[in-house]
**Q** 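Pasting in a structure now, in structure tokens, and then I'll have a few things to ask.
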Amino acid sequence: MAYTATDKAISFFRPYSYTGTGSSTTKTDVGFTPDMAWGKNRANNQGHWIIDSVRGNGNYIGPNTTGAQNNDVGAYGFTSGGFTFPSGDAFFNGSGNGHIAWSWLMGGTAPSKTYTVKVVSDGGNKYRFDDFGTSAVTLDLQEGGTYTFDVSDSSMNSHPFVIGTAANGTEYSTGVTYKLDGVTKTYSQYTSGFSAATSRQLIITLAASAPALYYWCSAHSGMGGAINTNSTTGSSDFGGTGQSLVNANTTTGCSIVKYSGTGSAQSIGHGLGVVPNMMWIRRTDGTEDWAVYFKEHGGAGGSGVNYYQALNTTEKRSSNTNRFSVAPTSSAFTVNTHSAVNHSGGTHIAYCFANKPGFSKMGVYTGNGNSDGPFTYTGFKPSFVMYKGMEGSNAVDNWEIQDNARFNTDKRNPQNETLYPNLNNAEGVDTTDRMDFLSNGFKMRTNGSDYNGSGQQYIYMAFGQTIVGSNNVPATAY
């Protein structure tokens, strides 16, 4: 019996192929508005780029480089249904060049999130969210998002939680609903009846171009803090010891996480609700290697702590406790003191991924060194496979990617078109067969130290689609 977390995976992940025009171009046929995309000019030695909706349009980082985030002042980025690309830039839109943009949908334009609010004594009564360790923090909320503040805790009884355009005053009502014991109330009914109610909620759907806001107590001053209302995506997350900004898709197990480094070990909320299997982490305001966490770096059933690989190098699995030394949980991952993952005062971005049946699979396969290569079961037909030697005598080699948007012209196996995440090389087309994409996994069709060395272990990440019928309902068998 086939099972999938998503009835139509192409609505959440798609390798999107396009031909550059050299002129300012808008593409609206991706099938969704991406929150994250990784792209490459296939035809020449332009570098890779990753953009995401948390950092915002105009900002990109290169998987193959150590350089800080670049900013092109909004010349490219996401638009409804796809992308806008600049003119005269071969990096994104080289005239006549084939390009690829591996695209993910995370939380999208209308996320929904609930915060539990309590009052603590911290130099006076203060509000805290989700039992976070700091009071009266600045909240980051996304325009278009719907946020429920559960204020039912008994510590709140004398402290009606409200939102306004000024600290300690001026009610903000746009998109706001007040509920006591499940019944919608006016502002005055909510504040006057607050202490007598058992369940209490303030719900806000944040309007586009909403002003800067504040949360405060209608009865007492000095309890709350500021609210940033952002046109970029992501919402404050309190799942770790450090506050993070998260754009998450719990259905597909993918999230974007932005956080500030402290130089001391800290845990960071990732918003997935399950333990991530792989994370790519990069400092964006300085020169550092990428740090890739992989759950099976520690072996089958292991947690992957004390190991990492760098997305921008050929190195095999390396042991280093200064990056990851505590196993991630379903709410947070922990970064140690290394500046690549936790530079004091630095800004970091993490892309987190968890296995989801019928949509994504991350694991390890072992090469056999011959043309009848190993078959790797994913439970779906891959549309994207990235792989890299993890351990073995020849494991120092390139990361590699195959996908179904760059298939040879007859769209049949084998997959021969290869791009290298750690290199800016143009697309390589093998004269030997590389791999087949099958209905429930992928199979190597020749030998090579970078993908099928005898006895060598390789990590892989695959996205795809369980076989579905014409109505996009998953098949029951394959």
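The structure displayed is predicted, hence computed values, not measured ones.
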**Q** Restricting to non-hydrogen atoms, name the atom on V341 and the atom on F324 that form the minimum distance, rounded to 0.1 Å.
**A**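 Nearest pair, atom of V341 first, then F324: CG1-CZ, 4.2 Å.
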**Q** State which residue, out of S103, C254, S53, S255, fulfils the side chain to side chain contact (heavy atoms under 4.5 Å, CB included) condition with D35.
**A**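 When side chain to side chain contact (heavy atoms under 4.5 Å, CB included) is applied between D35 and each of S103, C254, S53, S255, only S53 qualifies.
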**Q** Using the six-membered ring of F32, assess whether NZ or CZ of R14 lies under 6.0 Å from its centre and within 45 degrees of the ring axis.
**A**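 Judged by the rule, R14 and F32 form no cation-pi pair.
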**Q** Might you point out which heavy atoms bring D372 and K443 nearest each other, and give the distance in Å?
**A**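 Closest heavy-atom pair between D372 and K443: OD1-NZ, 2.9 Å.
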**Q** Look at the rings of F13 and F359 and say which category their plane angle falls in: under 30° parallel, 30 to 60° tilted, over 60° perpendicular.
**A**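 Correct class here is perpendicular.
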**Q** Please determine, by modelled atom types, if N71 and N59 share a side-chain donor-acceptor pair under 3.5 angstrom.
**A**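 Indeed, the side chains of N71 and N59 share at least one donor-acceptor pair under 3.5 Å.
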**Q** Using side-chain heavy atoms (C-beta onward) and a distance below 4.5 Å, is K361 in contact with Y460?
**A**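 K361 vs Y460: side chains touch.
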**Q** Using modelled atom types only, decide if a donor and an acceptor are shared between the side chain of Q243 and the backbone of T138 within a distance under 3.5 Å.
**A**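 Looks like yes, one N/O pair under 3.5 Å.
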**Q** We want to know whether N64 and N422 form a side-chain donor-acceptor pair, criterion being a heavy-atom distance below 3.5 angstrom.
**A**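 There is no such pair (donor and acceptor under 3.5 Å, judged by atom type) between the side chains of N64 and N422.
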**Q** Taking it one step at a time, do T313 and E315 satisfy side-chain contact (heavy atoms from CB on, under 4.5 Å)?
**A** CA-CA 6 Å; T313 77; E315 294 303 310; 3.6 Å; yes
**Q** Do you know which two heavy atoms are closest between S244 and I268, and how far apart they sit?
**A**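 Looking at all heavy atoms of both residues, the closest pair is CB-CG2, 3.7 Å.
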**Q** Are the side chain of T25 and the backbone of T21 linked by a donor-acceptor contact shorter than 3.5 Å?
**A**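 Checked: no pair found.
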**Q** Evaluate N230 against D140 for side chain to side chain donor-acceptor pair (under 3.5 Å), listing each step before the verdict.
**A** CA-CA 7 Å; N230 302 320; D140 280 285; 2.9 Å; yes
**Q** Over 60° means perpendicular and under 30° means parallel, so classify the ring planes of F83 and F85, tilted if in between.
**A**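 Parallel.
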**Q** Do you know which two heavy atoms are closest between I203 and T146, and how far apart they sit?
**A**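 Minimum heavy-atom separation between I203 and T146: CG2-CG2, 3.9 Å.
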**Q** Taking R445 first and then D436, would you say they form a salt bridge - that is, a charged N and a carboxylate O separated by under 4.0 Å?
**A**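 Salt bridge: yes.
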**Q** Under 3.5 Å, is there a donor-acceptor pair between the D89 and Y76 side chains?
**A**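 No donor-acceptor contact under 3.5 Å links the two side chains.
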**Q** For a quick test of reading the model, state the closest non-hydrogen atom pair linking A332 to G240 and the distance between them.
**A**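 Result for this residue pair: CB-CA, 4.1 Å.
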**Q** Does the ring centre of F375 sit less than 6.0 Å away from the ring centre of Y365?
**A**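 So the answer is no for these two rings.
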**Q** Mind checking whether T284 and I349 have side chains closer than 4.5 Å, heavy atoms only?
**A**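 T284 reaches I349 side chain to side chain.
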**Q** Please confirm whether the ring centroid of W280 lies under 6.0 Å from the ring centroid of W38.
**A**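 Yes, close enough.
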**Q** Could you walk me through whether T26 and T79 satisfy the side chain to side chain donor-acceptor pair (under 3.5 Å) test, starting with their C-alpha distance in whole Å, then the side-chain angles of each, then the deciding distance to 0.1 Å, before giving a yes or no?
**A** CA-CA 8 Å; T26 297; T79 192; 5.9 Å; no
**Q** Keeping T229 on the side-chain end and P211 on the backbone end, is there a donor-acceptor pair under 3.5 Å?
**A**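 Yes; at least one donor-acceptor contact below 3.5 Å.
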**Q** Can you see whether N306 engages S319 through a side-chain donor-acceptor pair at a distance of less than 3.5 angstrom?
**A**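 Looking only at side-chain atoms, S319 and N306 do not form any donor-acceptor pair under 3.5 Å.
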**Q** Going by atom types alone, do Y420 and E400 pair a side-chain donor with an acceptor below 3.5 Å?
**A**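 Side chains of Y420 and E400: no pair found under 3.5 Å.
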**Q** Answer yes or no: is there a donor N or O on one side and an acceptor on the other, between the side chain of N93 and the main chain of S23, under 3.5 Å?
**A**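 Present.
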**Q** Hydrogens and angles aside, do N336 and N322 bring a side-chain donor and acceptor to less than 3.5 Å of each other?
**A**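 No, no side-chain donor-acceptor contact under 3.5 Å.
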**Q** Would you list the pairs meeting side-chain hydrogen bond (donor to acceptor under 3.5 Å, both in side chains) in which at least one residue belongs to residues 256-266, sequence neighbours left out?
**A**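 Output for this query lists Q266-N342.
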**Q** Rounded to the nearest 0.5 Å, what separation is found between the OG atom of S235 and the OH atom of Y147?
**A**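 One finds 2.5 Å between OG of S235 and OH of Y147.
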**Q** Set out, in order, the CA-CA distance, both residues' side-chain angles and the distance that settles side-chain contact (heavy atoms from CB on, under 4.5 Å) for I401 and F384, then state yes or no.
**A** CA-CA 7 Å; I401 294 176; F384 169 101; 3.6 Å; yes
**Q** Hey, would you say the F463 and F12 ring centroids sit under 6.0 Å apart?
**A**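 No.
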**Q** Is it true that a side-chain atom of N41 and a backbone atom of A90 form a donor plus acceptor pair closer than 3.5 Å?
**A**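 Yes; at least one donor-acceptor contact below 3.5 Å.
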**Q** Run the side-chain contact (heavy atoms from CB on, under 4.5 Å) check on L419 and W102 step by step: do they pass?
**A** CA-CA 12 Å; L419 285 170; W102 302 297; 3.9 Å; yes
**Q** Quick one: do R406 and E417 satisfy salt bridge (Lys or Arg N to Asp or Glu O under 4.0 Å)? Show the steps, please.
**A** CA-CA 7 Å; R406 297 179 296 118; E417 297 80 8; 6.0 Å; no
**Q** Strictly below 4.0 Å, N to O, side chains only: are K27 and D29 in salt-bridge contact?
**A**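 Judged by the 4.0 Å cut-off on N to carboxylate O distance, K27 and D29 do not form a salt bridge.
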**Q** Decide whether N312 and D289 meet the rule of one side-chain donor and one side-chain acceptor closer than 3.5 Å.
**A**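 Present: a donor and an acceptor within the cut-off.
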**Q** Are F132 and F238 close enough that their ring centres sit under 6.0 Å apart?
**A**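 Yes.
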**Q** Check residues 108-115 and write down every donor-acceptor pair under 3.5 Å in which the side-chain atom is one partner and the other belongs to a residue at least two apart or another chain.
**A**
unit_1: Y115; atom_1: OH; unit_2: S236; atom_2: N; d: 3.4
unit_1: Y115; atom_1: OH; unit_2: S236; atom_2: O; d: 2.7

**Q** Does the pair M461 and F353 meet the rule for a side-chain contact (heavy atoms from CB on, under 4.5 Å), with working shown?
**A** CA-CA 9 Å; M461 163 187 270; F353 307 93; 3.4 Å; yes
**Q** List the atom of R42, the atom of S17, and the distance in Å for their closest heavy-atom pair.
**A**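 Smallest heavy-atom distance, with atoms named: NH1-OG, 3.6 Å.
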**Q** Side chains of T418 and Q402: any donor to acceptor distance under 3.5 Å?
**A**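 Indeed, the side chains of Q402 and T418 share at least one donor-acceptor pair under 3.5 Å.
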**Q** Would you say the ring centers of F294 and Y308 fall short of 6.0 Å from each other?
**A**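 That pair fails the under 6.0 Å test.
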**Q** Looking at K388 and D397, is there a salt bridge between them, counting it only when a charged N and a carboxylate O are closer than 4.0 Å?
**A**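 Here D397 does not pair with K388 in a salt bridge, since their nearest N and O are not under 4.0 Å apart.
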**Q** Are the side chains of Y293 and P328 in touch, meaning some heavy atoms are under 4.5 Å apart?
**A**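 In contact.
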**Q** List in chain and number order the residues that pass salt bridge (Lys or Arg N to Asp or Glu O under 4.0 Å) with E391, two or more places apart in sequence or in another chain; answer none if no residue qualifies.
**A**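 In terms of salt bridge (Lys or Arg N to Asp or Glu O under 4.0 Å), with neighbours along the sequence ignored, E391 is linked to K316, R317.
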**Q** Output yes when a side-chain donor or acceptor of Q456 lies under 3.5 Å from a complementary backbone atom of S449, and no otherwise.
**A**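 Such a contact is found between Q456 side chain and S449 backbone.
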